[in-house]
Amino acid sequence: MLPLKGIKVIELAGLAPGPFAGLLLADYGASVLRIDRPNSISSDQLTRNKTSITLDLRDKTSLSILLRLLTTADILIDPFRPGVLERLGLSPTEVLQKHNPRLIVARMTGFRRDGKYKDMAGHDINYIAVSGVLSMLGRANEKPYAPGNILGDFAGGGAVCFQGILLALISRSHTGRGQVVEANMVDGSAYLATFPRLARTTPAWTQPRGENLLDSGCPYYDTYETKDSGRYFAVGALEPQFYAAFVRGLGFEIGELPKREDPEQWPKLREIFTRRFKEQTRVEWEAVFDGTDACATPVLEQAELEGDGPDSGGSGGWSGGGLLPGEGGVDTLREWMGWEQGKDFDVRKDGALVGMNGKSKI
């Protein structure tokens, strides 16, 4: 049985990190119900294993549906900027947890809720910029380089939020009470950078960006273009025995190369490795290094991994879901609450669910 089977999650529709936290919960068995806005057209692809209902949270009878659901839910994912839930009358501590003490409210923001930038809009690049992480990313003598929205939105945001939810579930199993989980992408990404931050006091990371052991400064921890232009090989031959296997694969003897321990020799080593990799195609280098301890592997592209590609992780990661607003939600209401349309709720012309029979309060 999946470990989160039986856990009920309400996910207020948002962007990237909130839906990703919900996706992780759904993948491990939780029942996740997304709350969409009326007349919305969702482009969210992080919807695998979820269902949806449409609510108009500005309408009291529609809001009442959410309030009633939250009296029995286990988790609420709040992706909004600071103050939005409170303005809707859904204060986690003053309202929601008073009526459902077991409720875990996971609040996901970009900047810190109480920090300098709390009232400002931002995206992944801004969050990792003020966390100090972006300053470490990029090659020597080049501007900082943002790696898509992986570090802020997904790793420092959604995944850290998911971790906080799991910790809150563990705590609830002992105390019987839920709690508010505060996650933000500034602190999350900074936490992920613990190793390089602490390594600044060691030889591994004392140099400027792009000149250290693990940030493309080292020639035996880098990528190299192969003969077939646009294809690359990744090298991570840090330990002496792995480096020896790597050098043998390239057709060299260690004694004929500049000393790898001397950073002053790194530019010469990089030139040698660059020329050598350009002499054969990526497939040919795969034939050389596959099955060895050289820590040398092809840089596989997404199209190659889709489906049955090597180490693709199976097909699950390639199916987002494409959930439409309102899709499957009525079945979830029946499963969770025993509700039926026309008896416990009605549906407006715009798809929003509204309460019936005077059920307008929590």
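To the nearest 0.5 Å, the span separating CG on L57 from CD1 on I65 amounts to 11.0 Å. The structure places CZ of R34 at 7.0 Å from NZ of K50, a figure rounded to the nearest 0.5 Å. Note that OG of S52 is 7.0 Å distant from CD1 of I35, once rounded to the nearest 0.5 Å. Rounding to the nearest 0.5 angstrom, the gap separating the CG atom in N149 from the CD1 atom in I125 is 10.5 Å.
Counted by atom type alone, S31 and W336 present one or more donor-acceptor pairs between their side chains at under 3.5 Å.
Considering only heavy atoms from C-beta on, T206 stays 4.5 Å or farther from T202 through its side chain. Side-chain atoms of D56 and L353, non-hydrogen and from C-beta on, never get closer than 4.5 Å to each other. Within the 4.5 Å cutoff, the side chain of D74 has no heavy atoms near those of the L103 side chain. Residues L192 and V133 are not in side-chain contact: their nearest non-hydrogen atoms beyond the backbone lie 4.5 Å or more apart. You'll find the side chain of L33 reaches within 4.5 Å of the side chain of I53, heavy atoms only.
T109 places no side-chain N or O within donor-acceptor distance of the main-chain N or O of R112, the cut-off being under 3.5 Å. In terms of modelled atom types and a separation under 3.5 Å, the side chain of R260 and the main chain of L238 share a donor-acceptor contact. Side-chain atoms of S189 come within 3.5 Å of backbone N or O of M185 as a donor-acceptor pair. No donor-acceptor pair closer than 3.5 Å links the side chain of D36 to the backbone N or O of T54. In this structure a side-chain-to-backbone donor-acceptor pair under 3.5 Å is missing from Q265 to D262. At distances below 3.5 Å, not a single donor-acceptor pair connects side-chain atoms of N212 with backbone N or O atoms of L214. Looking only at distances, no side-chain donor or acceptor of N184 sits under 3.5 Å from a matching main-chain atom of R113.
With sequence neighbours left out, the side-chain hydrogen bond (donor to acceptor under 3.5 Å, both in side chains) criterion links T292 to no other residue. Under the side-chain hydrogen bond (donor to acceptor under 3.5 Å, both in side chains) criterion, S62 pairs with no residue, sequence neighbours left out. Residues passing the salt bridge (charged side-chain N to carboxylate O under 4.0 Å, His left out) test with D153: none are found, sequence neighbours excluded.
In summary, E279 and K227 do not engage in a salt bridge, as defined by a charged side-chain N under 4.0 Å from a carboxylate O. Contact check on D222 versus R139 returns a salt bridge, with a Lys/Arg side-chain nitrogen under 4.0 Å from an Asp/Glu carboxylate oxygen. Looking at R81 and E86, no side-chain N of the basic residue comes within less than 4.0 Å of a carboxylate O on the acidic one, giving no salt bridge. The pair R282-D228 does not count as a salt bridge, with every side-chain nitrogen at least 4.0 angstrom from each carboxylate oxygen. In summary, R231 and E225 do not engage in a salt bridge, as defined by a charged side-chain N under 4.0 Å from a carboxylate O.
Around atom CZ of F252, more than 12 heavy atoms belonging to other residues, nucleotides or ligands sit under 6.0 Å away. The 12-atom threshold is exceeded at CZ of R348, counting heavy atoms of other residues, nucleotides or ligands nearer than 6.0 Å. Heavy-atom neighbours of N141 CG from other residues, nucleotides or ligands within 6.0 Å: at or below the threshold of 12. Counted within 6.0 Å of NZ on K259, heavy atoms from surrounding residues, nucleotides or ligands total 12 or fewer; the atom is thus considered open. Around atom CD of Q241, more than 12 heavy atoms belonging to other residues, nucleotides or ligands sit under 6.0 Å away. More than 12 heavy atoms of other shown residues, nucleotides or ligands fall within 6.0 angstrom of atom CZ in F80.
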Run L67 and T71 through side chain to side chain contact (heavy atoms under 4.5 Å, CB included) and show every step you take. CA-CA 7 Å; L67 291 170; T71 61; 5.9 Å; no
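Ring pair F111/Y127 is perpendicular by interplanar angle, where above 60° counts as perpendicular and below 30° as parallel. Ring planes of Y224 and F273: perpendicular class, angle over 60° (limits at 30 and 60°). Relative orientation of the Y243 and F246 rings is tilted, given thresholds of 30° and 60° on the angle between their planes.
Minimum interatomic distance between P19 and D44 (heavy atoms only, all atoms of both residues): CB-OD2, 3.5 Å. Closest approach of E261 and P263 over heavy atoms only: O-CD, 3.2 Å. Considering all non-hydrogen atoms of both residues, K268 and P258 come closest at CB-CG, 4.0 Å. Of all the heavy atoms in P79 and A13, the pair that sits closest is CG-O, 3.8 Å. Contact record, Q341 with D346: NE2-OD1, 4.4 Å, taken as the closest heavy-atom pair. The nearest pair of heavy atoms linking G89 to V95 is O-CG2, 3.6 Å.
Under a 4.5 Å side-chain heavy-atom criterion applied to ILVMFWY residues, the cluster that includes V181 comprises L4, I7, V9, F20, L23, L24, L25, Y28, V32, L46, I75, I77, I104, F154, F162, I165, L166, L169 as well. The hydrophobic side chain of V283 is isolated, with no ILVMFWY side chain under 4.5 Å apart from it.
Hydrophobic clustering, with ILVMFWY side chains joined whenever heavy atoms are under 4.5 angstrom apart, groups F289 together with Y221. Clustering ILVMFWY residues whenever any of their side-chain heavy atoms sit less than 4.5 angstrom apart, transitively, puts F233 in a cluster other than the one holding L300. Cluster annotation: F242 is not connected to V288 through the hydrophobic network of ILVMFWY side chains, with a link wherever side-chain heavy atoms come within less than 4.5 Å.
Sorted by first then second residue, the salt bridge (Lys or Arg N to Asp or Glu O under 4.0 Å) pairs that include residues 197-220, not counting sequence neighbours, number zero.
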